[in-house]
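Basis for what follows: all heavy atoms, side chains included, without hydrogens, waters or symmetry-related copies.
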Amino acid sequence: MARLVLPSKRLCLSRNTLLGLISPAPLQLNCGVGYFQNTAKRSIRYKHCVASEVNFQKKYSPLYTSLPRVKQVSKRLICAVATEDLPKQVEESNMETPKEIFLKDYKMPDYYFDNVDLEFSLGEEKTIVSSKISVYPRIEGSSPPLVLDGQDVTLVSVQLNGKALKEEDYHLDARHLTIRSPPSGKYDLEIVTEICPQKNTSLEGLYKSSGNFCTQCEAEGFRKITFYQDRPDIMAKYTVRIEADKSLYPVLLSNGNLVEHGDLEDGRHYTVWVDPFKKPCYLFALVAGQLESRDDIFTTRSGRNVVLRIWTPKEDVPKTAHAMYSLKAAMKWDEDVFGLEYDLDLFNVVAVPDFNMGAMENKSLNVRPLLIFNSKLVLASPETATDADYAAILGVIGHESLSAVYFAVFPQLDWQQEFSSDMGSRTVKRIADVSNLRNYQFPQDAGPMAHPVRPHSYIKVYEKGAEVVRMYKTLLGSQGFRKFVLTYKQMFRYSQAGTPVVKVSTSYNSEGHTFSLKISQEIPPTPGQAVKEPMFIPVAVGLLDSTGKDIPLSNLYHNGTLQSVSNSDQPVFTTVLRKEEEFIFTDIFEKPVPSLLRGYSAPVRLESDLSDSDLFFLLANDSDEFNRWEAGQVLARKLMLKLVDDFQHNKPLVLNPNFVDGFKRILSDPSLDKEFVAKAITLPGVGEIMDMMEVADPDAVHAVRTFIRKQLASELRSEFRTTVLYNRSSEHYVFDHPNLARRALKNIALAYLGCLEDQELTELAIQEYKTATNMTEQFAALVAIAQTPGKTRDDFLADFYGKWEHDFLVVNKWFALQSSSDIPGNVENVRKLLDHPAFDLRNPNKVYSLIGGFCGSPVNFHAKDGSGYKFLGEIVLLLDKLNPQVASRMVSAFSRWKRYDESRQKLAKAQLEKIVSCNGLSENVYEIASKSLAV
């Protein structure tokens with residue numbers, strides 16, 4: 001399904017490292033990807049909700065009264081859509097309070113659709129959409145009213161079986177068209193509507209993007225195109241005719257097979273597309289514009305040739321080489337791993353710069369797909385894209401392309417995890433996935449937006465449960481999991497919200513040579529679910545002897561029964577425990593150190609009785625590289641929490657020398673994968689530590705993390721400098737694991753050195769900036785330079801913008817770097833950047849970079865004076881008028897306001913109350929803001 005990825009879809013920049021924009025564990029958005037709509041026919045009718053903010057109005061009055069065309073810095077820089085001005089007098093909307101929808105209240109539709117014929121006449125001022133729908137009742141002979149969804153569309157005419165309906169034959173309101181007395185049996189319904197894609201700033205339905213027409217229909221965008229039963233259980237076959245000016249829109253694309261095309265009078269032309277397989281309307285796609293394609297051929301294992309096309313504006317075609325490689329690699333991987341062959345002859349991918357999500361696999365099972373992607377996830381060149389961008393393209397192109405064709409029935413497995421793991425380092429990919437889970441999903445599970453993988457209710461929310469299904473690979477093994485995939489019918493899904501806490505206690509019996517593990521679980525209450533049932537949690541376990549070697553496992557007692565865990569052919573070093581009980585391993589002849597939850601075998605929080613010495617031992621010796629990293633992270637979290645307590649009690653901060661020594665050993669170990677080392681020497685983020693505190697204190701955690709980074713940089717200065725120098729390369733950019741790992745390690749070392757504010761080290765970073773041959777290393781050097789306020793920082797930020805002002809994707813990195821800065825009082829710098837000619841509030845990627853980046857700096861977003869909260873509150877209300885989906889992602893930054901001190905709670909609550917009280921608020925923002933207040 002669709003997701004936002006920056007380079008993967010969460011609300012703020014990862015603060016684990018300033019290199020979040022560079023390394024393959026980058027920007028994320030911290031809320032479920034919502035699919036939301038405006039109130040029908042009120043796209044520019046809003047109450048002026050921020051009348052009290054006089055100064056803000058003066059500064060940004062164009063955003064309240066009119067939205068003029070953004071200054072054109074260059075053709076490639078600005079990607080604005082919907083340049084229609086908002087009216088100076090904004091009318092009040094009397095939208096009803098959005099209602100929560102419960103799964104238990106689901107009702108089958110009264111009518112089904114068989115065939116849908118759509119005709120689009122695309123125009124510069126308006127677009128005419130004509131639909132002819134074959135309708136039949138679910139219950140033969142019944143004829144209840146037919147209710148169709150519709151928003152922001154003008155009804156021109158409606159006919160039943162060729163006869164025009166009179167006004168008394170139907171009812172039309174802001175959200176629905178109701179046919180009062182349709183005929184019994186099967187009939188044809190013909191509707192003509194008029195829409196204005198040029199004015200559609202929500203980027204849902206049909207809209208204009210940089211001069212091109214594009215659609216985004218998931219989950220409820222089709223109702224902004226024409227009146228329809230906009231729900232996923234209405235499956236129909238589509239025939240689509242598109243007509244447009246040939247000089248302006250030479251390429252006309254939709255789902256299915258191209259069966260007809262030709263020229264018309266007045267310089268117009270047309271195409272006809274037939275999709276022979278039934279699909280829901282949210283998978284409908286249309287693209288029309290000035291596009292060119294990179295074409296290639298993929299030969300399947302049976303010898304068939306599949307035509308692959310990636311469509312972009314002409315100037316961006318050279319940047320699609322990596323996307324094409326990723327697509328072919330994904331198709332080959334799926335043949336090799338799962339034995340599945342793409343069985344059609346054409347595969348279209350389109351890149352657009354204005355897109356709410358990361359990608360949308362507009363398809364249905366076994367049809368020729370038309371995939372629409374955010375340009376960020378298609379376009380890449382060594383000069384303009386970082387390793388993180390390349391990795392995101394590889395993962396998301398593979399994930400969306402494969403799921404578009406094969407796995408509509410298998411939505412809970414995150415295909416991207418498995419594909420990307422096989423394409424690079426499986427351990428590093430697992431570390432990145434788990435870090436994202438902890439930084440974003442776990443906090444959501446503990447907050448007002450907590451929901452199970454299969455939600456019981458929603459207003460407008462969508463989420464995936466990849467980790468849930470992934471547990472079955474742990475249980476079944478690779479071959480068993482392959483069979484499971486091919487027969488999956490969605491029978492394994494959690495129905496409870498929240499993150500389980502698994503507790504493990506251990507004991508060793510030296511006389512009996514046994515080692516005991518007692519496993520229990522707790523699931524904290526969440527909104528609507530105070531009482532929880534035990535969850536099935538596989539815990540992968542290994543035991544290490546005193547030399548650091550894995551102990552072969554033979555037998556264990558469980559419920560008084562001796563069970564064999566050995567394999568007659570091979571020694572077993574890891575076993576999976578499946579219940580929350582006591583397990584007693586036999587034939588253990590010395591006290592072992594247990595390696596728990598190997599490979600992160602289940603998405604849980606783990607609490608154990610492992611001592612610091614045990615953790616240092618695992619850090620140095622565990623054969624499971626994920627757990628080796630995890631041991632270091634646990635030690636770092638414990639250390640940081642202790643220092644936070646010292647800071648809060650005005651005690652001097654002292655760094656444990658054992659911790660420094662552990663870092664030094666990892667940094668100096670040539671046997672370790674360099675990308676793994678880069679992950680291992682990255683401290684837990686501020687958000688992760690705050691999430692472990694009873695009352696989150698962003699100032700204290702930021703101060704402690706800054707202290708530790710500077711101490712490590714100071715005490716390991718020589719090692720970090722050697723790492724930078726040793727990992728330099730003047731060779732041409734290559735995106736493969738050895739080079740990616742080399743750059744990742746070099747860049748994190750440079751970032752550590754950059755925090756010391758030492759002129760010699762600043763010169764080192766400047767040299768790296770000037771001599772860099774690719775964006776990954778140039779931007780990493782800029783990150784190192786930009787840590788310290790001053791003229792040098794300002795000069796190099798200006799230099800970078802001057803070099804790349806023509807490339808909007810690079811400029812977005814520039815925005816994100818500045819907005820996510822922890823420099824005190826950065827909110828004022830971000831306000832100034834709102835007025836920058838390259839910024840456009842209507843472009844989602846720019847909003848995620850600037851506003852989302854700011855929310856990723858806890859010390860500034862959670863500023864004690866409330867300036868960060870006030871800024872975001874103002875922006876959310878502005879965005880909600882333009883693009884409710886984007887606004888809903890921004891407002892989620894407020895969702896855990898009760899985790900902070902009383903002063904911050906009061907300030908954040910005031911902004912939430914102001915948002916919720918705004919009449920005409922979208923369902924998107926209302927759901928998150930109201931649920932946040934209700935906790």
Side-chain angles (χ1 to χ4, degrees), residues 16-26 322 380-391 424-425 428 663-683 709-710 712-788 792-793 795-797 799-800 803-804 810 813-814 817:
N16 288 2
T17 168
L18 286 173
L19 301 181
L21 288 164
I22 307 166
S23 66
H322 179 64
S381 69
E383 297 79 17
T384 62
T386 65
D387 287 342
D389 299 322
Y390 273 82
S425 167
V428 171
F663 256 59
K664 183 176 181 179
R665 289 187 181 186
I666 291 175
L667 189 60
S668 305
D669 188 342
S671 68
L672 294 176
D673 177 271
K674 290 183 178 180
E675 192 178 13
F676 171 81
V677 174
K679 296 289 185 186
I681 63 174
T682 300
L683 295 172
R709 290 185 75 245
K710 287 188 175 183
L712 288 171
S714 178
E715 297 192 37
L716 301 178
R717 174 180 176 138
S718 174
E719 287 80 3
F720 282 130
R721 189 173 186 279
T722 299
T723 298
V724 172
L725 298 178
Y726 181 75
N727 287 283
R728 281 175 168 169
S729 175
S730 59
E731 301 295 323
H732 290 298
Y733 179 90
V734 178
F735 181 75
D736 60 13
H737 183 68
N739 281 287
L740 185 153
R742 173 186 61 78
R743 289 188 290 266
L745 181 55
K746 173 196 164 189
N747 293 341
I748 190 67
L750 189 63
Y752 269 106
L753 294 173
C755 75
L756 287 179
E757 304 178 29
D758 181 288
Q759 186 57 38
E760 178 188 352
L761 298 178
T762 300
E763 290 298 326
L764 175 63
I766 291 173
Q767 182 182 7
E768 294 300 312
Y769 175 87
K770 292 181 176 179
T771 60
T773 60
N774 56 77
M775 179 56 65
T776 302
E777 292 177 296
Q778 185 179 65
F779 196 74
L782 182 63
V783 168
I785 295 168
Q787 293 180 74
T788 304
T792 300
R793 177 184 190 269
D795 288 346
F796 278 90
L797 284 172
D799 179 79
F800 185 84
K803 288 179 179 178
W804 299 110
V810 178
K813 303 181 197 301
W814 182 78
L817 174 58

Residues forming a side-chain hydrogen bond (donor to acceptor under 3.5 Å, both in side chains) with [X], sequence neighbours excluded:
| X | result |
| --- | --- |
| Lys664 | none |
| Glu731 | none |
| Arg728 | Gln767, Glu768 |
| Glu719 | none |

Mind listing the closest non-hydrogen atom pair of [X] and [Y] along with its distance?
| X | Y | result |
| --- | --- | --- |
| Ala751 | Gln787 | O-NE2, 2.9 Å |
| Ser730 | Thr773 | O-CG2, 4.5 Å |
| Leu750 | Ala765 | CD1-CA, 4.1 Å |
| Glu777 | Ala772 | C-CB, 3.9 Å |

Kindly say whether [Y] contributes a backbone atom to a donor-acceptor pair with the side chain of [X] at under 3.5 angstrom?
| X | Y | value |
| --- | --- | --- |
| Arg742 | Asn727 | yes |
| Thr788 | Glu757 | no |
| Asp389 | Thr386 | yes |
| Glu675 | His737 | no |

To the nearest 0.5 Å, tell me how far [X] [atom1] sits from [Y] [atom2].
| X | Y | atom1 | atom2 | value |
| --- | --- | --- | --- | --- |
| Leu782 | Ile766 | CG | CD1 | 11.0 Å |
| Leu753 | Leu712 | CG | CG | 11.5 Å |
| Ser668 | Leu716 | OG | CG | 8.0 Å |
| Ile681 | Leu667 | CD1 | CG | 5.0 Å |
| Lys803 | Gln778 | NZ | CD | 5.0 Å |

Report the residues that fulfil side-chain contact (heavy atoms from CB on, under 4.5 Å) with [X], sequence neighbours left out, ordered by chain and then residue number.
| X | result |
| --- | --- |
| Asp795 | Lys791 |
| Arg665 | Asp661 |
| Thr722 | Ser718 |
| Thr384 | Lys319, Ser381, Trp804, Asp807, Val810 |

Exercise for the section: Mind checking ring-ring contact (aromatic ring centres under 6.0 Å, His included) for Tyr390 and listing every partner two or more places apart, or none if nothing turns up? Expected result: His322, Tyr733, Phe735
Handout entry: Partner set under ring-ring contact (aromatic ring centres under 6.0 Å, His included) for Phe676, not counting sequence neighbours
Key = none
Handout entry: For Asn739, the option from Val734, Thr776, Asp387 that meets side chain to side chain contact (heavy atoms under 4.5 Å, CB included)
Key = Val734
Exercise for the section: For the pair Ile748 and Thr723, evaluate side chain to side chain contact (heavy atoms under 4.5 Å, CB included) and give the outcome as yes or no after the intermediate values. Expected result: CA-CA 10 Å; Ile748 190 67; Thr723 298; over 6 Å; no
Is the shortest side-chain heavy-atom distance between [X] and [Y] below 4.5 Å?
| X | Y | result |
| --- | --- | --- |
| Leu817 | Leu797 | yes |
| Asn747 | Val783 | no |
| Leu761 | Arg717 | yes |

Handout entry: Pairs involving residues 749-769, ordered by first then second residue, that meet ring-ring contact (aromatic ring centres under 6.0 Å, His included) (sequence neighbours left out)
Key = Phe720-Tyr752, Tyr769-Phe796
Practice task
Report, as yes or no, whether the 6.0 Å neighbourhood of atom CZ on Arg721 holds more than 12 heavy atoms from other residues, nucleotides or ligands.
Solution key: no
Practice task
Output, in order, the C-alpha distance, side-chain angles, deciding distance and verdict of side chain to side chain contact (heavy atoms under 4.5 Å, CB included) for Glu760 and Glu763.
Solution key: CA-CA 5 Å; Glu760 178 188 352; Glu763 290 298 326; 5.8 Å; no
Fill in the blank from the handout: Hits for salt bridge (Lys or Arg N to Asp or Glu O under 4.0 Å) against Glu383, two or more places apart or cross-chain, chain-then-number order -> none
